[in-house]
Amino acid sequence: MSIVKETVDNTVAIQNYEFTKHTLNVIIDNQIETIILVGAGSNGKTHLINECADNLKDNNYKILHECPLGPESSKGFETILNCYNQNIIMTSAINPFTHYDMAKPNNIVIIDMNHIIF
């Protein structure tokens with residue numbers, strides 16, 4: 001019985017991942033300045049970036065893996081955002097805007113991948 005459940009769960013994870021990949025490619029094609037992939041782990045953030053690497057490169061995105069966002073303040077996160085004057089995609093275990101209680105600018109898209117578990 002657990003084998004059937006794992007197969008069903010994996011199918012849902014794959015469907016969610018493919019939808020997220022499509023969404024990311026649309027966002028890249030629309031030249032959103034900053035994309036943040038959020039997820040605690042084992043949900044495909046790095047794999048997604050690797051699969052979309054050509055599209056990211058073609059659109060001049062800088063990739064920042066697992067950005068160190070300190071829990072104490074938003075200053076480190078704001079510094080990261082201000083250091084790059086080009087399109088960036090970053091991964092993070094947390095959504096910095098909800099974590100730091102900050103307003104999200106319109107030029108930033110958060111893709112929460114916590115619903116995808118492999």
Side-chain angles (χ1 to χ4, degrees):
M1 185 156 191
S2 65
I3 294 173
V4 172
K5 182 170 178 24
E6 287 178 20
T7 302
V8 170
D9 290 347
N10 196 34
T11 300
V12 170
I14 291 169
Q15 289 172 343
N16 289 339
Y17 175 85
E18 290 299 324
F19 178 79
T20 302
K21 183 168 87 172
H22 171 76
T23 301
L24 176 60
N25 279 309
V26 169
I27 291 167
I28 294 167
D29 292 343
N30 282 295
Q31 292 290 306
I32 299 299
E33 290 178 18
T34 302
I35 304 165
I36 304 174
L37 303 178
V38 175
S42 296
N43 49 19
K45 296 183 305 289
T46 300
H47 185 75
L48 179 60
I49 287 174
N50 291 339
E51 280 199 321
C52 297
D54 289 341
N55 196 10
L56 289 165
K57 182 180 177 184
D58 291 346
N59 286 282
N60 300 312
Y61 277 85
K62 171 77 175 158
I63 300 169
L64 306 174
H65 284 286
E66 295 302 325
C67 288
L69 304 176
E72 63 283 344
S73 76
S74 62
K75 290 189 190 310
F77 175 62
E78 290 170 345
T79 300
I80 290 169
L81 291 179
N82 292 330
C83 283
Y84 295 93
N85 59 357
Q86 61 184 12
N87 293 345
I88 61 172
I89 182 167
M90 65 175 70
T91 63
S92 176
I94 62 168
N95 179 334
F97 295 100
T98 56
H99 184 78
Y100 298 128
D101 194 27
M102 298 170 55
K104 185 186 73 57
N106 290 334
N107 64 341
I108 297 177
V109 171
I110 305 291
I111 298 177
D112 189 335
M113 296 181 64
N114 280 309
H115 67 292
I116 304 169
I117 299 171
F118 288 106

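Residues take their numbers from the sequence shown, with the count starting at 1.
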Indicate, with yes or no, if I89 and F19 share a hydrophobic cluster defined by side-chain heavy-atom contacts under 4.5 Å among Ile, Leu, Val, Met, Phe, Trp and Tyr. no

Where [X] and [Y] come nearest, the two heavy atoms and their spacing:
X: I28; Y: C52; answer: CD1-CB, 4.5 Å
X: N43; Y: V38; answer: ND2-O, 4.4 Å
X: I36; Y: S92; answer: CG2-CB, 4.4 Å

Tell me if a side-chain donor or acceptor on N30 pairs with a main-chain N or O of I32 at a distance below 3.5 Å. no

Would you confirm whether N107, through its side chain, and E33, through its main-chain N or O, come within 3.5 Å as a donor-acceptor pair? no

With a 6.0 Å cut-off (strictly less than), is the heavy-atom count around [atom1] of [X], excluding the residue itself, greater than 12?
X: K104; atom1: NZ; answer: yes
X: D101; atom1: CG; answer: no
X: N106; atom1: CG; answer: no

Sole candidate of L48, L37, L64 that passes side-chain contact (heavy atoms from CB on, under 4.5 Å) when paired with T91: L37

Establish, from distance only, whether the side-chain atoms of [X] and [Y] form a donor-acceptor pair under 3.5 Å.
X: Q31; Y: Y61; value: no
X: N87; Y: N60; value: no
X: N59; Y: N55; value: yes

Look at the aromatic rings of Y17 and H47 and report parallel, tilted or perpendicular, splitting at 30° and 60°. tilted

